[in-house]
A.B. asks: 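Pasting a structure here, questions to come.
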Amino acid sequence: MRVFLSVFVICFLLGCQSQKSAVNTKVTTLNTQPKLVVGIVVDQMRYDYLTRFYSKYGEGGFKRLINQGFNCKNNHFNYVPTYTGPGHASVFTGTTPKVHGVISNNWYDKVSDSYVYCAGDTTVQSVGTSHKAGQMSPHRLKTTTFADENRMFTQMRGKTIGISVKDRGAILPAGHTANAAYWFHGADEGRFISSTFYFETLPNWVQSFNNSAIAESYLKEWNTLYDIDTYTESGNDLNAFEGGFKGKETATFPYDLKALSEFNRGYEIIKATPYGNSIVTDFAIASIDGEQLGKDAITDVLTVSYSSTDYVGHNFGVNSKEIQDTYLRLDKDIERLLNALDAKVGEGNYTLFLSSDHGAVEVPAYLQSLKIPAGYFDKDAFKSNLNETVIFNYKAEDLIKNISNNQIFLDRELIKSYGLNLASVQQEIVNTIISYPNIYKAYTATSMSTTEFSGGIENLLQNGYNQKRSGDVLYVLDPAVISYSKTGSTHGSALNYDTHVPLLFFGKGIKAGSTMEHTTIPDIAPTISALLGISFPNGATGKPLEFVLEN
């Protein structure tokens with residue numbers, strides 16, 4: 001009996017030890033912590049730019065991310081409006097404007113009775129320029145980004161650097177606790193700048209970069225990277241659907257940027273060409289050394305927004321030779337960045353994702369030429385007609401304070417003073433405008449606040465509706481109807497051409513593969529947070545995409 005008990009005790013202890021070892025092993029692999037996380041946002045990138053130009057891409061850029069990483073092919077924005085500011089905020093906070101508060105690029109502020117800019121901040125000063133272009137910060141962003149959470153998790157030892165040619169493209173992704181955000185100021189300077197929200201003086205490496213005349217080197221000819229006759233994935237170079245540059249009669253290749261800069265705000269013209277992406281890549285690579293990113297075991301975050309794609313798309317449209325050339329050149333820049341990360345951080349030591357802040361519509365005039373329903377919305381006529389109707393119905397002037405971002409803001413104090421019911425006035429306006437040409441749907445703020453919409457455009461409107469910042473009536477235009485010029489593309493709707501954007505994961509902790517499962521933009525930040533084993537951003541509503549992670 002004693003022998004049996006002794007054997008039992010020994011086996012029990014050995015079993016416990018075995019289980020303890022197994023538990024410890026699991027703990028050591030609980031989270032995958034790369035030395036560096038790189039978050040790339042390509043401004044105005046439709047998903048079909050991956051597939052349309054695929055055969056023309058090299059092996060080291062987009063194709064490397066697709067073939068060696070994980071491709072979420074059915075990735076969408078789950079809110080409107082699909083603009084740059086909300087898009088960048090949503091990618092990195094893991095939530096929508098309903099929560100993070102960035103409801104547009106610019107919006108009417110009900111408290112101050114004025115327009116505000118999503119990154120504008122008059123309480124800070126410019127750094128690196130005497131121009132007001134540096135008076136920016138993330139103070140209007142209401143929630144944290146995953147970069148903020150990483151900073152706090154590492155006791156502020158993990159760095160965060162944000163880079164773009166656009167201020168909002170650098171500032172919003174980097175969050176509130178970033179070490180720095182840098183954006184490109186053109187005009188007569190052509191340099192990367194920042195604000196006193198981060199520091200008082202540009203670091204030496206940034207000053208050296210600005211003094212290197214790199215910006216000057218990009219004021220050169222812009223011609224197609226390859227023979228233009230091989231650009232069979234885009235329309236004719238000469239057509240009626242493109243804007244072009246001041247100082248050049250036709251929107252056709254080649255473009256003498258040095259000569260055209262005189263008529264297009266100096267160095268600003270670089271932003272509207274593929275070379276804006278190139279200088280961002282130059283600066284991002286310089287930041288890896290300058291900030292010593294990924295040099296130790298504590299995870300750093302680098303956010304890179306390629307915004308020149310947006311400028312080119314707005315100017316020339318999504319079917320232009322210019323947009324195709326811009327993406328073929330961006331492919332080369334991404335390859336350069338990946339090679340630099342391999343060399344400086346180490347292949348397998350970093351994790352990268354690539355997505356977009358919104359897509360874009362085909363030029364409606366082009367669609368009309370193909371007999372596809374499309375058109376243009378006269379915003380000024382709409383405002384005038386609506387004001388006249390409200391005055392007639394209520395025998396009162398100035399009930400409407402503002403119409404912007406497809407939202408109508410009412411003077412609530414005036415409505416109260418007239419003894420009118422706010423919800424009734426909202427509904428009456430909905431009933432009025434739903435009969436207007438090119439108005440597809442309209443909803444009151446009351447319905448957005450009191451009704452839970454589970455799907456459709458209504459759900460996207462609700463996810464973009466912020467009770468304190470949004471208007472009293474929201475309206476939606478017909479498909480492919482925009483309030484914009486007759487040339488070039490724009491965005492902002494809940495339609496697939498604006499919501500369907502790429503989502504690629506690559507590097508440490510990421511599986512190789514693809515999915516057609518529906519994913520949403522707010523899923524990105526929780527996925528990176530889960531990879532790092534850190535807290536989700538404090539307002540996150542997305543879910544971790546477990547199927548892209550190795551562990």
Side-chain angles (χ1 to χ4, degrees), residues 30-41 69-70 72 75 77-79 85-102 138 141-164 168-181 284 291 293-294 297-305 345 349-357 501 503-510 519-546 548-551:
L30 184 61
N31 36 288
T32 302
Q33 295 178 323
K35 293 183 176 182
L36 179 65
V37 172
V38 182
I40 297 178
V41 174
F70 200 97
C72 297
N75 182 63
F77 280 87
N78 63 341
Y79 67 85
H88 282 77
S90 298
V91 168
F92 289 85
T93 63
T95 191
T96 69
K98 178 180 181 179
V99 180
H100 63 59
V102 181
L141 180 66
K142 305 297 287 184
T143 61
T144 62
T145 66
F146 77 77
D148 287 322
E149 297 298 335
N150 183 67
R151 288 273 285 159
M152 290 187 286
F153 183 83
T154 62
Q155 300 302 310
M156 310 304 280
R157 293 192 293 268
K159 281 190 172 184
T160 299
I161 304 294
I163 298 169
S164 181
R168 58 186 180 271
I171 291 168
L172 297 175
H176 304 275
T177 62
N179 299 82
E291 298 289 347
L293 300 178
I298 301 173
T299 303
D300 299 320
V301 175
L302 173 63
T303 73
V304 180
S305 177
V345 181
N349 287 330
Y350 62 91
T351 304
L352 180 148
F353 69 82
L354 182 148
S355 191
S356 182
D357 55 349
V501 297
L503 177 54
L504 305 173
F505 291 94
F506 172 85
K508 187 176 179 67
I510 303 299
T519 61
T520 66
I521 286 295
D523 297 335
I524 298 172
T527 301
I528 296 299
S529 296
L531 176 79
L532 298 178
I534 63 175
S535 295
F536 292 3
N538 59 13
T541 52
K543 64 182 185 302
L545 302 176
E546 185 177 359
V548 313
L549 303 177
E550 286 184 339
N551 296 321

A.B. asks: Which heavy-atom pair separates P138 from G175 by the least distance, and what is that distance?
C.D. replies: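 Result for this residue pair: CG-O, 3.5 Å.
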A.B. asks: Are any of the side-chain heavy atoms of V91 and D357 separated by less than 4.5 Å?
C.D. replies: no
A.B. asks: Apply side chain to side chain contact (heavy atoms under 4.5 Å, CB included) to V99 and list each qualifying residue two or more places apart in sequence or on a separate chain.
C.D. replies: T95, T143, T541
A.B. asks: How about H88 and V102: do any of their side-chain heavy atoms sit closer than 4.5 Å?
C.D. replies: no
A.B. asks: Do you know which two heavy atoms are closest between A170 and T303, and how far apart they sit?
C.D. replies: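 Heavy-atom minimum between the residues: O-OG1, 4.2 Å.
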A.B. asks: With a 4.5 Å cut-off on side-chain heavy atoms, are T527 and F353 touching?
C.D. replies: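 They are not in contact (no side-chain heavy atoms under 4.5 Å apart), so the answer is no.
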A.B. asks: With rounding to the nearest 0.5 angstrom, report the CZ to CD1 distance, F92 to I521.
C.D. replies: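 Answer for the CZ-CD1 pair, F92 versus I521, is 10.0 Å.
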A.B. asks: Spell out, as yes or no, whether a donor-acceptor pair under 3.5 Å connects the side chain of D300 to the backbone of K159.
C.D. replies: yes
A.B. asks: Starting from the C-alpha separation in whole Å, work towards a yes-or-no answer on side-chain contact (heavy atoms from CB on, under 4.5 Å) for I524 and F146.
C.D. replies: CA-CA 9 Å; I524 298 172; F146 77 77; 5.6 Å; no
A.B. asks: The test is side-chain hydrogen bond (donor to acceptor under 3.5 Å, both in side chains); show your working for T299 and Q33 and say whether it passes.
C.D. replies: CA-CA 7 Å; T299 303; Q33 295 178 323; 5.6 Å; no
A.B. asks: For a quick test of reading the model, state the closest non-hydrogen atom pair linking V345 to L293 and the distance between them.
C.D. replies: CG2-O, 3.9 Å
A.B. asks: Kindly say whether L141 contributes a backbone atom to a donor-acceptor pair with the side chain of H176 at under 3.5 angstrom?
C.D. replies: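 Yes, H176 side chain to L141 backbone: donor-acceptor pair under 3.5 Å.
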A.B. asks: Once rounded to the nearest 0.5 Å, what's the spacing between atom CZ of F77 and atom CG of N75?
C.D. replies: 8.0 Å
A.B. asks: If the condition is salt bridge (charged side-chain N to carboxylate O under 4.0 Å, His left out), which residues does D523 pass it with, not counting sequence neighbours?
C.D. replies: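 Salt bridge (charged side-chain N to carboxylate O under 4.0 Å, His left out) check on D523 returns K543.
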A.B. asks: Closer than 3.5 angstrom, by distance alone: can the side chain of Y79 be matched with the main-chain N or O of S90 as a donor-acceptor pair?
C.D. replies: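 No: the side chain of Y79 does not pair with the backbone of S90.
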A.B. asks: Are any side-chain N or O atoms of N150 and backbone N or O atoms of G158, one a donor and one an acceptor, separated by less than 3.5 Å?
C.D. replies: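 Such a contact is absent between N150 side chain and G158 backbone.
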A.B. asks: Could you tell me whether the side chain of L302 reaches within less than 4.5 Å of the side chain of I163, counting heavy atoms only?
C.D. replies: yes
A.B. asks: Step by step, would you call R151 with N179 a side-chain contact (heavy atoms from CB on, under 4.5 Å)?
C.D. replies: CA-CA 10 Å; R151 288 273 285 159; N179 299 82; 3.4 Å; yes
A.B. asks: Carefully, step by step, assess F505 and L531 under the rule side-chain contact (heavy atoms from CB on, under 4.5 Å).
C.D. replies: CA-CA 11 Å; F505 291 94; L531 176 79; over 6 Å; no
A.B. asks: Mind running side-chain contact (heavy atoms from CB on, under 4.5 Å) on V301 and T145 for me, showing each step along the way?
C.D. replies: CA-CA 11 Å; V301 175; T145 66; over 6 Å; no
A.B. asks: Under 3.5 Å, is there a donor-acceptor pair between the side chain of T351 and the main chain of V37?
C.D. replies: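 Answer holds: no.
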A.B. asks: Any idea which heavy atoms bring A178 and D148 closest together, and the distance?
C.D. replies: N-OD1, 4.5 Å
A.B. asks: Taking the side chain as every heavy atom from C-beta outward, state whether C72 and V548 have any atom pair closer than 4.5 Å.
C.D. replies: yes
A.B. asks: Just to verify, what does S529 make a side chain to side chain donor-acceptor pair (under 3.5 Å) with, not counting sequence neighbours?
C.D. replies: none
A.B. asks: Any side-chain heavy atom of L545 sitting closer than 4.5 Å to one from L503?
C.D. replies: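 Of all side-chain heavy-atom pairs linking L503 with L545, at least one is under 4.5 Å.
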A.B. asks: Considering all heavy atoms of both residues, which atom of F70 and which atom of I510 are nearest to each other, and what is their separation?
C.D. replies: CB-CG2, 4.1 Å
A.B. asks: Check the surroundings of atom NZ in K35: do more than 12 heavy atoms from other residues, nucleotides or ligands lie under 6.0 Å from it?
C.D. replies: yes
A.B. asks: For A147 versus P173, what's the shortest heavy-atom pair and its separation?
C.D. replies: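 Result for this residue pair: CB-O, 4.3 Å.
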